[in-house]
Amino acid sequence: MNYRFRYAPSPTGVLHVGNARTAIFNWLLARHYSSKLILRIEDTDKERSTPESEKAIIEDLKWLGLDWDEGPDVGGDCGPYRQSQRSSLYEEHQKLLLEKKAAYECFCTPDELKKTREELLSLGKMPKYNGKCLNLSPKHIQELKDQKKPFVIRFYVKPGPPVVVDDIVRGTVKFEREVIGDFVIFRSDGGPTYQLACVVDDSLMKITHVIRGDDHLSNTPKQILMNDAFGFTSPKFGHLPMVLGADRKKLSKRHGACSVGEYKQQGYVSSAFLNFLVLLGWSCETSEEILNTERLIKEFSEDRLSSSPSIFETNKLDWMNGQYIRQLSLEEFYRLERPFLEKDLALSQVDESWLKQVLKVLQTSVAKLTDVTDQLQIFLKDKFLIEDDVIKETAKDLDFKKVLIALSKILEDNPDIDFDDLKKQLQNETSLKGKKLFHPLRYAMTGRKNGPELALVMPLLPKNELKLRVDKLLKETS
RNA sequence: GUCCCCAUCGUCUAGGCUGGUCUAGGACACCAGGUUUUCAUCCUGGUAACAGGGGUUCAAAUCCCCUUGGGGACGCCA
């Protein structure tokens, strides 16, 4: 299929979860239909756009495993792909609109605009532009220009039948023209606004499908009107429901982590994160939930998109991340863990095969990549810590003490004893079993109440370390 | 305020368009049991929802209307 989808972020910050989902849906659609995905940088807001932000967004998109066929970093036939580099194109189109009387100069000052806005609001009407400058004579316009009065260019929304948006996810949505004010398409500094740049670019870049957030739905009639004025065919539109926080408000920093980068740092696997995000507003026909990228591309389709907003919550994400971690090969797991381990471990000083054995043990239980760095403390001599709860519980239980004393003795007599023999001897000498036997053993060995299987932990501990730990716990609880 | 969108378990959702097979299914979380002489994984089971009201119909989660609630837009932001 020769469809052309696009993802058009504005580089004014990091990649947010909701925007990431929009990007993913566009990518999935493009790949599903063997079509093209275009990345366009919407940096018409000179104040807020930064190159760093563009770089960060691209990096996050790549982390998610997305790629694109045309864009500022990969080029393409419809470039440049940054709106800041397309000024002449917008200016040409401005002239076209002015000539067709589909746009006009507006000399109203921000103060005037604010005043009429407030008046309309107090009357209970939609605060749209009142059209004051619509019928300025050419002579008057020239005079004002000669006086160097600042002006903007507005699009003229002519009276007419309602504008109908035939939306891929919402169906037919009608907008009366009366509620659409004449909107600004060029600022007083001569730069285009989003409305104009978006329409011109979507057309020039031959975009066939505009899949974007719900917050753009009410921009759509404006864009259709502009397309009509230019004589362009409007692309198909699809408006995705918002991603909300736990309080049902638009997801933001107040809700905690809301950017892709933060989840990367927290130790989520990108494929799991992508899988999870896809399920926010889309479901597979087979009702499967764990779907790798290949399956996702195969199964994804626009007609299973939901139209109601979803709340971004992490408990299922955690579970899913754990599932993905368990599916990883040991090599892959090690590769993903490296950046996290490097933070507090000099990897060059650590025996790689030992580390891999530790990872193998931990892989069966952790939910996040960062959980490993935490659990790793169990295996390291100088990071070992005894939890307060462990001390408390051991101190109040005489049987626990009994086990520890026996344990210390066994290890003293036979420092090289293996786990099976240790277990047997311990049971013989204390006549205890089950939790009474294993809990104190676990507490001494790991310093924690939770952790991996003891039989697997013991052989990976430094030599003579267990004896030291037993004695330490004994000392701290006496 | 006005316009637009949305409304199924706590959360993600199936079902809705094409009304009956829905005493509403799955997943996460939670709870209980099991496996593991410990922890986790894992397995089994359980609690839990069609926002409210009217209508259409033999029959409504499904279609229509109203109310309520939520969201978005109304910018020389995108």
Side-chain angles (χ1 to χ4, degrees), chain A residues 8-10 12 42-45 47-49 106 108 110 113-114 117 120-129 150-154 165 167 169-171 173-176 178-181 183-189 191 193-195 197-198 212-221 239 241-242 244 246-250 276 279-285 287-290 303-304 306-320 322 326 361-366 375 423 427 432-443 445-446 448-455 457:
Chain A
S10 59
T12 55
E42 306 216 321
D43 54 352
T44 50
D45 185 346
E47 309 277 294
R48 297 197 300 147
S49 301
C106 167
C108 294
L113 260 19
K114 198 180 162 200
R117 191 192 138 84
L120 283 166
L121 222 39
S122 69
L123 284 168
K125 291 188 179 162
M126 200 159 187
K128 59 165 197 171
Y129 179 63
F151 65 95
V152 299
I153 310 287
R154 282 182 188 274
V165 180
D167 194 277
V169 329
R170 319 246 148 208
V173 186
K174 279 185 190 153
F175 294 86
E176 297 295 336
E178 292 75 60
V179 303
I180 310 168
F183 52 93
V184 176
I185 56 173
F186 263 83
R187 289 186 254 274
S188 54
D189 66 2
T193 63
Y194 160 77
Q195 301 293 356
C198 179
R212 68 212 325 184
D214 209 0
D215 43 347
H216 286 292
L217 184 56
S218 41
N219 282 327
T220 308
H239 289 91
M242 299 273 94
L244 310 174
D247 56 358
R248 314 207 119 255
K249 303 237 186 275
K250 202 171 173 176
F276 177 74
L279 261 20
L280 248 41
W282 179 83
S283 58
C284 184
E285 202 171 359
S287 88
E288 286 163 280
E289 299 196 303
I290 306 255
D303 46 46
R304 291 191 65 82
S306 150
S307 55
S308 52
S310 40
I311 293 169
F312 183 82
E313 227 239 85
T314 54
N315 64 23
K316 193 165 184 172
L317 170 61
D318 287 351
W319 165 79
M320 193 171 275
R326 248 133 268 156
V361 170
L362 295 177
Q363 191 179 6
T364 58
S365 61
V366 294
Q375 298 254 329
K423 193 172 70 181
Q427 191 160 3
L432 292 166
K433 59 177 182 174
K435 289 179 183 176
K436 284 284 184 194
L437 182 74
F438 276 80
H439 277 174
L441 180 57
R442 167 171 294 282
Y443 293 177
M445 199 184 288
T446 67
R448 300 170 177 227
K449 295 175 100 173
N450 301 316
E453 199 175 324
L454 296 177
V457 173

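We name chains A, B, ... by the order of the sequence lines, and we start the count at 1 in each one. Computation of the quantities below employed the complete heavy-atom set of this structure, encompassing side-chain atoms and omitting hydrogens, waters and symmetry-equivalent molecules.
A close approach under 4.0 Å does not occur between any side-chain nitrogen or oxygen of Thr193(A) and OP1 or OP2 of rC76(B). Between Thr446(A) and rC39(B), a side-chain N or O to OP1/OP2 separation shorter than 4.0 Å is absent. For the OP1/OP2 pair of rA40(B) and a distance below 4.0 Å, the side-chain nitrogens and oxygens of Arg448(A) include no atom meeting the criterion. OP1 or OP2 of rU13(B) sits under 4.0 Å from a side-chain N or O of Ser310(A). Using a 4.0 Å cut-off, no side-chain N or O of Arg48(A) falls inside it from OP1 or OP2 of rA78(B).
As the counterpart of rC31(B), rG45(B) is assigned, both hydrogen-bonding distances of the Watson-Crick or G-U wobble pattern falling under 3.5 Å. If you check rC9(B) for Watson-Crick or wobble pairing at under 3.5 angstrom, you find it has no partner at all. In this structure rG1(B) sits in a base pair with rC74(B), meeting the Watson-Crick or G-U test at under 3.5 Å. Within the shown strands, nothing qualifies as a pairing partner of rU18(B) under the Watson-Crick or G-U definition with both distances less than 3.5 Å.
When each of Ser308(A) and Pro452(A) is assigned the nucleotide of RNA chain B with its nearest heavy atom, Ser308(A) is the one assigned upstream, toward the 5' end. When each of Pro127(A) and Cys284(A) is assigned the nucleotide of RNA chain B with its nearest heavy atom, Pro127(A) is the one assigned upstream, toward the 5' end.
In terms of polar N and O atoms assigned as donor or acceptor, the side chain of Lys316(A) comes within less than 3.5 Å of the base of rA27(B) in a complementary pairing. Put simply, the side chain of Asn219(A) and the base of rA73(B) share no donor and acceptor less than 3.5 Å apart.
Distance check on atom P: rA51(B) versus rA7(B) gives 9 Å, rounded to whole Å. A distance of about 45 Å separates the P atoms of rG53(B) and rA40(B), rounded to the whole Å.
The CD1 atom of Ile180(A) sits 16 Å away from the P atom of rA73(B) (whole-angstrom rounding). Distance Phe183(A) CZ to rC74(B) C1': 13 Å, rounded to the nearest Å. Between the CG atom of Leu217(A) and the P atom of rC74(B) there is a distance of 12 Å, given to the nearest Å. The interatomic distance linking Trp319(A) (CH2) with rG26(B) (P) rounds to 14 Å, in whole Å.
Closest approach to the Arg154(A) side chain among rA78(B), rU37(B), rC76(B) is made by rC76(B) (side chain taken as heavy atoms from C-beta onward). Closest to the Leu454(A) side chain, of the nucleotides rC12(B), rC28(B), rU38(B), is rU38(B). Among rC5(B), rC76(B), rG72(B), the nucleotide with an atom closest to any side-chain atom of Lys250(A) is rG72(B). Distances from the side chain of Tyr194(A) to the nucleotides rA78(B), rG15(B), rG70(B) place rA78(B) closest.
Nucleic acid contact for Asn315(A): base, since at least one base atom lies under 4.0 Å from a heavy atom of the residue.
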